[in-house]
Amino acid sequence: MAKDGIRAIEGTRDYFGVDGIRFEKAFGAAAEIFSRYGYEKITSPVFEATGLFARSIGEATDIVEKEMYTFTPGSDSITLRPEGTAGVIRALLQHSMHKQGGLVKLWYGGPMFRRERPQKGRQRQFHQVGIEAVGSGDPLLDAEVIRMGLAYYERLGIGGVRLRLNSIGCAKDECRPAYRKLLKDAIAPKLGEFCKTCQGRFEKNILRILDCKNESCKKLAADLPKSHEKLCGECDQHFTAVKEGLDAHGAQYDVDPTLVRGLDYYTRTVFEYTHSALGAQDAIGGGGRYDGLVEELGGPATQAVGFALGVERIMIAMEALGCCACETPLQVYGIGLGEDCHKAMAGMIARLRNAGISADMDYEGKSFKAQMRAANRRGALVALILGDNELEKGEITVKDMREGGGQETVPLNAGVEAVLQMLP
RNA sequence: GCGGGAGUAGCUCAGCUGGCUAGAGCGUCAGAUUGUGGCUCUGAAGGUCGGGGGUUCGAGCCCCCUCUCUCGCCCCA
């Protein structure tokens, strides 16, 4: 029902009920798994100087060209972050974390903003959890990062995640630039046979021709040289070591020569997690190595690797797979009859909460029956009943709400104890 | 930015070629049961039929405009 009035902005959503639980689970699992691998949480601002994103993501990418929310209050130009890495690396440099010795492992989570047309699994405000491991080029670190992503999905009960892997080489002349030239030479004579967008990509970003979804382009691309077969010696060794690092732990993956990620800063390893439950936007996470970014942002030459996982897409997979999203049931519901009992019950409930028990009561002046129904609907394990006949004697009735459960009447000051005994 | 689909009760939806006070299931509230929930039965509340305009004796239904949601293209999480 589209009532007149203020609605959430197009491409944004409210998370409550089971969605709220799934949303929190996605973040909770991140905290649990990532910290187990030695990552520390960092929370950076959701907006940054526009130039930060332009420099890191790449001027010619769709994100920077047309998807950023940019504001110019006063003489500043600020942008709502379209991804997490740039801000984290900025923070790392600003606080000289890279100078404190050794590898820096950070994780983050929160909203990202891109002004795209919303569709399934794509919103204008969406959420990611991600990690950055800065200060090492060890291929075993790539493998660890990739496996950590798999561990994360597993923790949430998401089975059937597919891992796609590729290497796009490094910036050295004999590596990616040479491969680009190879591609150009191979494509140039047949350029007319490719789709219009690919013809545009030929000059702008030739690697993207590889993952065009147009069927005829796919066929043409199949005969093109593969990036992972044209790597320089060091990149080739690195890629082999990453694969060995995955094999050693039995992680399944598919080397996919068409995997080319859209952000300019990636080097060598790139990977994507996909899931069939999602629809057209089937990537539930992705990442790679970015050995040039720290330097690009004004730091020393530093190797790094990271990933970002899409919370909304994770939630779609959780829903499709029926991953448990049960609310923790209320432990106690208090039923008070009449004004005096209502007051006394408020005190009783307060004592229970102080004792660490989740408890709630009626505040709508409902009938006894209605309060019983409320206790049932809320899933309360125990109901407390306080009417005038109990109150006169200074007692309270404690009822086990389970099928066929009994009840007992105890002195008021023994109520908390009686509840504790009845709870499983 | 460009296409396709859809907007009827809190939710999921039905509503035939236009025809009385617009329906169902679930949920909510109440009663059956004065202080005992779930199951059952009975009843009630709840709708500017997304909005605006048009055609018509008459529009939820037909036409136009508009808004929103949704799926897809592009790109990505």
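Each chain gets a letter, A, B and so on, in the order the sequences are listed, and its residues count up from 1. Every value quoted in this text rests on a predicted model; they were computed, and no experiment measured them.
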Looking at residues at least two apart in the chain, or sitting in another chain, which of them share a ring pair (Phe, Tyr, Trp, His ring centres under 6.0 Å) with [X]?
X         : result
Tyr108(A) : none
Tyr333(A) : none
Tyr153(A) : Tyr273(A)

Who pairs with [X] by side-chain contact (heavy atoms from CB on, under 4.5 Å), at least two apart in sequence or on another chain?
X         : result
Thr12(A)  : Ala8(A), Ile9(A), Gln125(A)
Glu296(A) : Arg55(A)
Lys399(A) : Met372(A), Ala383(A), Ile385(A), Met401(A), Gln407(A)

Spacing between Arg122(A) atom CZ and G1(B) atom C1', to the nearest angstrom: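 Going from Arg122(A) (CZ) to G1(B) (C1'), I get 12 Å.
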Which donor-acceptor pairs under 3.5 Å do the side chains of residues 342-353 of chain A make with protein atoms, sequence neighbours left out?
residue   : atom : partner   : partner atom : Å
Arg353(A) : NE   : Ala359(A) : O            : 2.9
Arg353(A) : NH2  : Ala359(A) : O            : 2.8
Arg353(A) : NH2  : Asp360(A) : OD1          : 3.4

Dot-bracket pairing map - RNA chain B, Watson-Crick plus G-U, both contacts under 3.5 Å, | cross-strand: (((((((..((((.....[...)))).(((((.......))))).....(((((..]....))))))))))))....
Those residues that, when tested against Arg377(A), pass salt bridge (Lys or Arg N to Asp or Glu O under 4.0 Å) (two or more places apart):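 Applying salt bridge (Lys or Arg N to Asp or Glu O under 4.0 Å) to Arg377(A) gives none.
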Using atom types as modelled, flag every donor-acceptor pair under 3.5 Å from a side chain in residues 416-424 of chain A to any protein atom, sequence neighbours excluded.
none

Neighbour count above 12 (heavy atom, 6.0 Å) for Lys393(A) NZ: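 Not more than 12 within 6.0 Å, no.
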Reading 5' to 3' through nucleotides 26-34 of chain B, protein heavy-atom contacts under 4.0 Å coded B for base, S for sugar-phosphate only, - for none: --SSS--B-
Give every pair of a protein N or O atom and an N or O atom of nucleotides 69-71 of chain B that lie under 3.5 Å apart, one pair per line with the distance.
residue : atom : partner   : partner atom : Å
C71(B)  : OP2  : Lys120(A) : N            : 2.9

